Number of protein chains: 2
Amino acid sequence: MKLPTAPPSGQTSSSPIAEALSLAIHEHRIAPGTKLGEDELGEIYGVSRTVVRAALQSLSYIGLVDIHRNKGAFVAEPSRTEAREVFEARELLEPRTAHSAALRAKAPDIAVLHRHIEDEHSALAASDPGRALHLSGLFHLEIARIAGQATIARFIETLIARSSLIIALYWRRESALCDKHAHGALLAALAKGEADAASALMRSHLVDLHSALDLRPRPDRKTSLKEVLSR
Amino acid sequence: MKLPTAPPSGQTSSSPIAEALSLAIHEHRIAPGTKLGEDELGEIYGVSRTVVRAALQSLSYIGLVDIHRNKGAFVAEPSRTEAREVFEARELLEPRTAHSAALRAKAPDIAVLHRHIEDEHSALAASDPGRALHLSGLFHLEIARIAGQATIARFIETLIARSSLIIALYWRRESALCDKHAHGALLAALAKGEADAASALMRSHLVDLHSALDLRPRPDRKTSLKEVLSR
DNA sequence: GCTTTCAGGATCGTATACAATAATGTGTGC
DNA sequence: GCACACATTATTGTATACGATCCTGAAAGC
């Protein structure tokens, strides 16, 4: 496992280690289900297990990590049901934040969002889709911040985090490309203060994302194995 | 400081200590701003600081506790701005959960809710308003659970927790009594499967609660202190 | 040959010990 | 008598040590 030492990121987190792990997960450099051993991480970051444990605990509250007693910490693997819930929650919350953000956004806010989009494009150009995905999430989070609802913004932060895992697990390769223009159109509406348009654009953007996932229920692994072998 | 040893509560939390502290805060037996020293709590519960720290960390993620580096953990004191945000978020989320709950509630669900109301009344009769408030929160949380949206239910759990602190800080004594009938009417709508009615009742119930708070902006403590002392 | 059992190792859970930081109280100089 | 600097103390932050639990693999029994 290869991890960055401590990349500076504009994220709100407690410890530098939680920060680094969070970024690595967001950028799909650590796959869902990966075991995150305490000794191993302590070795990598040069700290004791105490601080590693605290970091893992914090990530488990966000939903990025699942901790099983006496088993250890693993990068979370959201089920299809959870995936649906996460996107339903986003479809409930984010149009509202987009609406508020359109009413409250000042010039510097728009500039920040603009920079996010630019970074996202350059990451794509550099064929770094993981980083592009992370930046895409930051775009959504920034809108929630601009909306001035810190409480809801924290909720959205956790939803975006889990969305990253969900995309890693359930993204349909055959589905259309990520619709680069969605964020651009959203930004335009925000810049013009068109709250209703921003809200509608956000909703349809999320619905698009949601429908690009393969969330069809699957039979249990056991059952399907039995079926295969009985032929 | 007098705390229960480990009361069994139907709450979702990690450690028994977080559980006990959470209950004590919900029942207004520990006031906002109270310092929660690690040694002190370890002494009370007969465990080392390690586990106390973990519990305090978990409470800080719910927003019940604020941790300041090198200062320690304190029962959170939500600002008026945060209070407004919390209730706005509840007014956004909970009518939706009431709607879903009305469509999905089975007989046992209704029974559980009914018991909650009974317990709440008996707590009031026993002049234990703290416990009544806690049970009132549990009523709301149970509805979110019935709605079958685990993700949103967790959000609501944190919102209810902070609501308890907000009520401790900003409740207007002169305001009308807690409107005992609100939960009863809500339960009736849920039992009959009247989703729209349940949603509307929930919304108005939350608006009532919100308006029973005194959230008028106040001058800083410092300023007022200075004013008082200069006379 | 297959299953079962037990031992070894590895990892987590908790307690304790040490280091670092902040708060408080005391003493001195003016 | 007041203000400032310093020492002392209390509390948190981090590391380490020990005990408990679970997983893995080999050997014995069927």
Side-chain angles (χ1 to χ4, degrees), chain A residues 1-3 5-6 12-22 25 30-77 221-222 225-226 229, chain B residues 1 3 5-6 12-22 25 30-77 221-222 225-226 229-230:
Chain A
M1 196 185 310
K2 203 167 43 178
L3 293 177
T5 14
T12 67
S13 197
S14 35
S15 85
I17 290 163
E19 197 92 11
L21 280 174
S22 171
I25 296 173
I30 313 182
T34 305
K35 168 90 188 262
L36 301 171
E38 298 179 354
D39 277 321
E40 189 180 4
L41 292 172
E43 191 86 16
I44 292 173
Y45 292 110
V47 295
S48 83
R49 281 177 50 216
T50 307
V51 52
V52 171
R53 271 180 82 82
L56 290 174
Q57 232 196 308
S58 78
L59 293 177
S60 87
Y61 290 114
I62 305 176
L64 276 179
V65 161
D66 278 347
I67 296 178
H68 305 286
R69 182 172 177 99
N70 286 323
K71 298 275 185 64
F74 302 81
V75 178
E77 298 181 279
R221 299 260 165 89
K222 291 177 185 175
L225 181 62
K226 188 178 176 184
L229 295 179
Chain B
M1 196 185 307
L3 292 177
T5 16
T12 67
S13 197
S14 35
S15 85
I17 290 162
E19 197 92 9
L21 280 174
S22 171
I25 295 172
I30 313 181
T34 305
K35 168 92 188 258
L36 301 171
E38 298 179 356
D39 277 321
E40 190 179 3
L41 291 173
E43 190 87 16
I44 291 173
Y45 291 109
V47 294
S48 83
R49 282 178 48 217
T50 308
V51 53
V52 171
R53 273 179 82 82
L56 290 174
Q57 229 196 310
S58 78
L59 293 178
S60 87
Y61 288 114
I62 306 175
L64 275 179
V65 161
D66 278 348
I67 295 179
H68 305 287
R69 183 174 177 95
N70 285 322
K71 299 275 184 63
F74 302 81
V75 178
E77 298 180 280
R221 297 260 167 88
K222 289 178 184 174
L225 181 63
K226 188 176 175 185
L229 296 178
S230 63

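Predicted model only: the values in this text are computed from it and were never measured. Labels below follow one simple rule: chain letters A, B, ... track the order of the sequence lines, proteins then strands, and each chain is numbered from 1. Just so you know, these numbers use all the heavy atoms, side chains as well, and skip hydrogens, waters and symmetry mates.
Judged as a salt bridge (Lys or Arg N to Asp or Glu O under 4.0 Å), the pairs with a partner in residues 41-58 of chain B (not counting sequence neighbours) are, in order, B:Glu38-B:Arg49, B:Glu38-B:Arg53.
The CD1 atom of B:Ile17 lies 10.0 Å from the CD1 atom of B:Ile44; values are rounded to the nearest 0.5 Å.
Extent of DNA chain C lying under 4.0 Å from chain A heavy atoms, first and last nucleotide in 5' to 3' order, is C:dT11 to C:dT14.
Between A:Leu59 and A:Ser22 the shortest heavy-atom distance is CD2-CB, 4.1 Å. Here the closest non-hydrogen pair linking A:Gly33 and A:Phe74 is O-CD2, 3.7 Å. Contact detail for A:Pro32 and A:Ala76: the closest heavy-atom pair is CB-O, 3.4 Å.
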Without placing hydrogens or testing angles, list every side-chain donor-acceptor pair under 3.5 Å for residues 61-73 of chain B, not counting sequence neighbours.
| residue | atom | partner | partner atom | Å |
| --- | --- | --- | --- | --- |
| B:Tyr61 | OH | B:Gln57 | NE2 | 3.1 |

Sugar-phosphate atoms are those with a prime plus P, OP1 and OP2; base atoms are the rest. Using that split, label each nucleotide of nucleotides 10-20 of chain D B, S or - for protein heavy atoms under 4.0 Å, 5' to 3'.
-> -SBBBBBB---
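A:Ser48 is linked by a side-chain contact (heavy atoms from CB on, under 4.5 Å) to A:Thr50, A:Val51, counting only residues two or more places apart in sequence or in another chain.
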